[in-house]
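Inspection log for the structure reproduced underneath, given as structure tokens.
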Amino acid sequence: MQIFSTLEHSVKLELAISALEQEGISKESIFAVPLTNRKVERKLFDTMHNSDGVSLVSTGSALGTAFSVIGASVGFSLNLGPIYWGLIGVASGFLLGFLIDLFILKVIKKRQRLLRGKNPQVILVVECTEKQADAVEDILWHFLALGVARVECK
């Protein structure tokens, strides 16, 4: 039986491997593969084939609608009229909302990512008997595994 697990690259990983060895699993039966982190920054604008789920136009659309209504309402008493002031309100509201979303994405979220840090992950593969499988899985969960899966070898 093979047990696959992902763990963060930390002292907990070393402790988990030591506990597995104390359980009677040989060093040759434990295989650890470190994963590399993304080195390239995410793209700011999405394409038709790739989207990260972050929208830069949602706040702009809401503010554009609100500013157009206000501009059209106030435009009845202004010189250019309600249509032009509604269009000016749409443009200014959308631009303001876009800049707000851009500021949040570039400054605030980037600062949060830097504070959290990037913890690399390790895939741990353990070959064991079916009798040892429950104990191995308990050890991995005890040492904060992110995920565990069993595969029966035939």
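Any value given below was found using the heavy atoms of this structure, including those in side chains, with hydrogens, waters and symmetry copies removed.
- Taking the side-chain hydrogen bond (donor to acceptor under 3.5 Å, both in side chains) definition, one finds that Gln2 meets it with Glu127, sequence neighbours left out.
- For the side-chain hydrogen bond (donor to acceptor under 3.5 Å, both in side chains) condition, no pair includes a residue of residues 62-88, sequence neighbours left out.
- The side-chain contact (heavy atoms from CB on, under 4.5 Å) search around Leu144 returns Lys12, not counting sequence neighbours.
- By the 4.5 Å heavy-atom criterion applied to side chains, Val33 and Val122 are not counted as neighbours.
- Connection of Phe94 to Leu102 is not established within any shared hydrophobic cluster, with ILVMFWY side chains joined at heavy-atom distances below 4.5 Å, either directly or through further cluster members.
- Under the 4.5 Å side-chain criterion, counting only non-hydrogen atoms from C-beta, Leu20 is in contact with Leu124.
- With rounding to the nearest 0.5 angstrom, the CD1 atom of Ile17 is 11.0 Å from the CZ atom of Phe143.
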Problem - Ile88 vs Phe67, side-chain contact (heavy atoms from CB on, under 4.5 Å): CA-CA, chis, key distance, verdict - result: CA-CA 8 Å; Ile88 291 169; Phe67 282 25; over 6 Å; no

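- At least one side-chain heavy atom of Val151 sits less than 4.5 Å from a side-chain heavy atom of Phe4.
- In this structure, CG on Leu35 lies 11.0 Å from NE2 on His9, to the nearest 0.5 angstrom.
- With a 4.5 Å cut-off on side-chain heavy atoms, Leu146 and Glu8 count as touching.
- Side-chain contact annotation: Ser58 with Ser61, donor-acceptor N/O pair under 3.5 Å absent.
- Applying the side-chain hydrogen bond (donor to acceptor under 3.5 Å, both in side chains) criterion to Asp134, with sequence neighbours excluded, gives Arg150.
- The minimum heavy-atom distance linking Gln132 with Gly24 is given by the pair NE2-O, 4.0 Å.
- The heavy-atom pair separating Leu56 from Phe98 by the smallest distance is O-CD1, 3.5 Å.
- Side-chain contact between Ile123 and Phe31 is absent, with no heavy-atom pair separated by less than 4.5 Å.
- Counting only heavy atoms from C-beta outward, the side chains of Val126 and Ser5 never approach each other to under 4.5 Å.
- Between Ala16 and Ile139 the shortest heavy-atom distance is O-CG2, 4.0 Å.
- Contact of the Thr129 side chain with the Met1 side chain is not registered, since no non-hydrogen atoms from C-beta on lie closer than 4.5 Å.
- By the side-chain hydrogen bond (donor to acceptor under 3.5 Å, both in side chains) test, Glu14 is found to be paired with no residue, residues two or more places apart in sequence or in another chain being considered.
- Residue pairs satisfying the side-chain hydrogen bond (donor to acceptor under 3.5 Å, both in side chains) criterion with at least one member in residues 92-105, sequence neighbours excluded, are listed as follows: Thr59-Asp101.
- For CD1 of Ile83, the number of neighbouring non-hydrogen atoms (other residues, nucleotides, ligands) closer than 6.0 Å is 12 at most.
- A 4.5 Å side-chain heavy-atom check between Ile100 and Leu63 finds at least one atom pair inside the cut-off.
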